[in-house]
Amino acid sequence: MRAIDCLVNVHFGESEQPAWMRKTRDEYFKGPASMFDPVDMSALLDEMDANGVAKAVLMDNLAKPSVTARKFVADRPDRFALAMGGANLLRPVPSLRELSAVVKDLPVAYAVVGPSFWGDGQYPPSDAVYYPLYAKCAELDLPLCVNTGIPGPPIPGEVQHPIHLDRVCVRFPELRLCMIHGADPWWDVAIRMLIKYRNLRLMTSAWSPKRLPEALLHYLRTRGADKIIFASDWPVLRMNRVVPEALALDLPPEVMDKYLYRNAADFFFADLRAPEQES
C-alpha cells in the first residue's frame with residue numbers, strides 16, 4: 001500500500017527548542033529526548049521506504065527558513081516537498097510577496113497557519129487579518145492548511161474551533177482549504193463543515209489512527225472518502241507507528257488508498273493525479 005505523509009518536521013534539531021515546547025514533548029507527547037535531534041535524510045528515507053511512503057511534506061517557514069527541509073528538497077525533489085508557514089499577517093504585503101517568490105522557486109505543497117500559535121491566539125480564522133493570505137493562496141491556487149482542534153501546547157485553543165472556517169469557505173470558495181491536526185473535541189462540527197463545503201478537507205496529522213473517533217471513520221467509509229488526508233506529524237508520531245495503525249483500520253481497500261495516498265495526491269500534488277483526472 002502506498003502513502004503520502006503530508007506533515008513531517010525535520011527542523012526541530014536546527015536550534016534549541018523553547019521551554020514550552022520541551023515541556024509539551026515531555027508532559028503531553030510523552031516523547032523521547034531524541035524527538036528534537038537533527039534529522040539524517042537517509043534514515044528518514046529508510047523509514048519512508050519501510051512504510052510505503054512515496055513522498056513527505058516538510059514544514060518550512062518564511063520568517064525562519066529550515067536549512068534541513070530545503071536541503072532535503074534540493075537533494076530529493078522526487079521524495080520531498082515543503083509546507084510554508086510563517087507569513088506575517090499583521091504586515092502581510094512583504095510576507096506574501098516572499099510567499100509568491102518561494103512558491104515560484106521551490107516545490108511548495110501548501111501554505112500553513114496555526115491560529116493558536118501566533119498573535120497570542122487572539123485571531124480566529126474568520127478575522128479579516130487572514131484575508132490577504134486567503135486571497136494570495138487562491139490567486140496562486142495554493143492549498144492552505146489551518147490548525148483546528150485544541151492544541152497540545154499550553155496556549156489558547158478557542159481560535160482553532162472549526163466553526164471559524166465557516167465564513168472563510170463562504171467568502172473564499174476558490175480557496176483549497178484543509179483543517180490539520182484533526183479537530184478534537186469538535187469532530188462533529190468539522191464533519192458537518194466537510195459535508196457542507198466542496199473546497200474543504202481534513203488532515204489527521206498528530207493523531208494516532210487507532211485513536212481517531214468512530215464518527216470520523218464512519219464519514220471516511222461513506223460520503224467522506226475523498227475528504228480525509230493522512231499525515232503523521234513525524235517525529236511526534238513516527239511513520240513506523242502510524243502507517244501500520246492506519247492499515248489496521250476497518251476501511252475498504254479503495255478507501256484506504258484514498259486516505260493514505262490519493263486524496264493527498266489530488267489535493268496537493270497535481271503531478272501525482274491519476275491520468276483520468278488530468279484530461
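Please read these numbers as outputs of a predicted model, since none were measured by experiment.
- At least one donor-acceptor pair under 3.5 Å links the side chain of N263 to the backbone N or O of I228.
- The side-chain contact (heavy atoms from CB on, under 4.5 Å) with F72 is formed by just one residue from the set L45, V67, V39; it is V39.
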Between T68 and H11, is the side-chain hydrogen bond (donor to acceptor under 3.5 Å, both in side chains) condition met? List the steps. CA-CA 6 Å; T68 306; H11 62 284; over 6 Å; no
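- Remark: R241 engages E245 in a salt bridge, criterion side-chain N to carboxylate O under 4.0 Å.
- In terms of hydrophobic clustering, with Ile, Leu, Val, Met, Phe, Trp and Tyr side chains grouped at heavy-atom distances under 4.5 Å, L90 and V113 are assigned to a common cluster.
- The closest donor-acceptor contact from the side chain of R176 to the backbone of D141 lies under 3.5 Å.
- Salt bridge status for R192 with D188: absent, with no side-chain N to carboxylate O gap under 4.0 Å.
- In terms of modelled atom types and a separation under 3.5 Å, the side chain of Q17 and the main chain of F36 share no donor-acceptor contact.
- Using modelled atom types, no side-chain atom of N199 and backbone atom of E174 make a donor-acceptor pair closer than 3.5 Å.
- With respect to D226 and R198, no salt bridge is recorded, no charged nitrogen being found less than 4.0 Å from a carboxylate O.
- A donor-acceptor contact shorter than 3.5 Å is absent between the side chain of Y131 and the backbone of V168.
- Note on L144: it clusters hydrophobically with L200, by side-chain heavy-atom contacts below 4.5 Å among ILVMFWY residues.
- M59 and M48 fall into different hydrophobic clusters, where Ile, Leu, Val, Met, Phe, Trp and Tyr residues are linked whenever their side-chain heavy atoms come under 4.5 Å apart, directly or through other members.
- Using a cutoff of 4.0 Å between basic side-chain nitrogens and carboxylate oxygens, D5 and K55 are not scored as salt-bridged.
- One N or O on the side chain of D40 and one on the backbone of A43 form a donor-acceptor pair closer than 3.5 Å.
- One N or O on the side chain of E47 and one on the backbone of M239 form a donor-acceptor pair closer than 3.5 Å.
- Under 4.0 Å is where a charged nitrogen must lie from a carboxylate oxygen, and between E214 and R221 at least one such pair does.
- With hydrogens and angles disregarded, no donor-acceptor distance shorter than 3.5 Å links the side chain of D120 to the backbone of Q122.
- Using a cutoff of 4.0 Å between basic side-chain nitrogens and carboxylate oxygens, K30 and D26 are not scored as salt-bridged.
- Between R22 and E16, at least one side-chain N (NZ, or NE/NH1/NH2) sits under 4.0 Å from a carboxylate O, which counts as a salt bridge.
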